[in-house]
Amino acid sequence: MGHYYRIEVSSFVGAQSQNEPAITCESLNTALDKLTEIGNEWRDKLNAPLMREIGGRCELRLFQSESITGLFGDEIIRTVRIDRPLHSPSARVVVWDENDTIVSDSWKEL
């Protein structure tokens, strides 16, 4: 029996929560590609000049599961948080692995 991979997105623009549909993939490579694609879209959105005055946040979680429904055996294998605090010059992207270890932090790369 294989694994399934589910990406869940929670986001706020200003104080407004936005609903995002979960995405399910059958391969880890496809899920990681999709996670990167969605993360880049949110980084670009939060880096827009208008967002400096509004602020926003997006958190992406990639789960591995033995069930396509995600009801059994969920394990977080990647977390991406993109923050644009009010009045900040740019968005910050931080990525954690399955052990809760930071593997990438865009502010430390500057």
Side-chain angles (χ1 to χ4, degrees):
M1 178 175 208
H3 292 286
Y4 297 94
Y5 302 90
R6 186 179 73 257
I7 300 169
E8 293 183 358
V9 180
S10 60
S11 60
F12 294 86
V13 173
Q16 203 68 26
S17 172
Q18 298 189 354
N19 292 326
E20 304 279 339
I23 298 166
T24 303
C25 303
E26 292 188 14
S27 91
L28 179 57
N29 286 339
T30 301
L32 289 170
D33 288 347
K34 194 66 179 171
L35 185 71
T36 300
E37 177 186 326
I38 296 168
N40 285 337
E41 289 171 3
W42 270 101
R43 184 193 63 222
D44 291 347
K45 182 188 286 191
L46 291 173
N47 269 332
L50 173 66
M51 294 306 293
R52 184 179 181 120
E53 304 305 321
I54 297 173
R57 180 179 79 237
C58 179
E59 187 162 295
L60 309 161
R61 287 194 181 97
L62 174 58
F63 294 89
Q64 175 179 286
S65 178
E66 293 182 13
S67 163
I68 197 165
T69 62
L71 296 176
F72 308 102
D74 274 1
E75 175 185 342
I76 296 176
I77 58 174
R78 191 78 80 239
T79 303
V80 178
R81 184 174 303 138
I82 306 158
D83 287 307
R84 177 78 185 261
L86 196 58
H87 306 299
S88 67
S90 64
R92 178 183 188 185
V93 180
V94 182
V95 181
W96 289 265
D97 67 10
E98 65 275 5
N99 300 314
D100 254 356
T101 301
I102 294 176
V103 294
S104 177
D105 185 338
S106 65
W107 281 2
K108 291 187 189 271
E109 295 165 4
L110 295 175

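- In this structure, R43 contributes its side chain and N47 its backbone to no donor-acceptor pair below 3.5 Å.
- Note that the CZ atom of F63 and the CD atom of E75 stand 10.5 Å from one another [nearest 0.5 Å].
- Looking at R78 and W96, their side chains never come closer than 4.5 Å, going by heavy atoms from C-beta outward.
- Here CD1 of I76 is found 7.5 Å from CG of D100. Values are rounded to the nearest 0.5 Å.
- Clustering ILVMFWY residues whenever any of their side-chain heavy atoms sit less than 4.5 angstrom apart, transitively, puts V103 in the very cluster that holds V80.
- Here the CZ atom belonging to R84 is positioned 14.5 Å from the SG atom belonging to C58, to the nearest 0.5 angstrom.
- No donor-acceptor distance shorter than 3.5 angstrom exists from the side chain of N99 to the backbone of T101, with no hydrogens or angles considered.
- Under the 4.5 Å side-chain criterion, counting only non-hydrogen atoms from C-beta, S104 is not in contact with V93.
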> What's the verdict on side-chain contact (heavy atoms from CB on, under 4.5 Å) for Y4 and E26, showing C-alpha distance, side-chain angles and the deciding distance?
Replying inline: CA-CA 5 Å; Y4 297 94; E26 292 188 14; 4.0 Å; yes
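- Put simply, the side chain of R52 reaches to within 4.5 Å of the side chain of P89, judged on heavy atoms.
- Taking all atoms of both residues into account, the shortest heavy-atom contact from C25 to A31 is SG-CA, 3.8 Å.
- One hydrophobic cluster, built from ILVMFWY side chains closer than 4.5 Å, cannot hold both L50 and L86; they sit in different ones.
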>> Determine whether D74 and R6 satisfy the following criterion, side-chain contact (heavy atoms from CB on, under 4.5 Å), listing intermediate values before the conclusion.
In response: CA-CA 9 Å; D74 274 1; R6 186 179 73 257; 2.7 Å; yes
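- Within the model, atoms CD of E37 and CG of L60 stand 11.5 Å from one another, a figure rounded to the nearest 0.5 Å.
- Remark: T30 OG1 to Y5 OH distance equals 10.0 Å, nearest 0.5 Å.
- In this structure, V9 and Q18 have side chains that are not in contact, with every pair of non-hydrogen atoms separated by 4.5 Å or more.
- Put simply, V95 and L28 are part of the same group of oily side chains (I, L, V, M, F, W, Y) that touch within less than 4.5 Å, one to the next.
- Residues I7 and F12 do not share a hydrophobic cluster, defined by chaining ILVMFWY side chains whose heavy atoms lie under 4.5 Å apart.
- In terms of the salt bridge (Lys or Arg N to Asp or Glu O under 4.0 Å) criterion, R57 has no residue partners (sequence neighbours excluded).
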>> Could you go through E66 and H3, starting from their C-alpha distance and side-chain angles, then the distance that decides it, and tell me whether this counts as side-chain contact (heavy atoms from CB on, under 4.5 Å)?
In response: CA-CA 5 Å; E66 293 182 13; H3 292 286; 4.0 Å; yes
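- Here the closest non-hydrogen pair linking A91 and I82 is CB-CG2, 4.1 Å.
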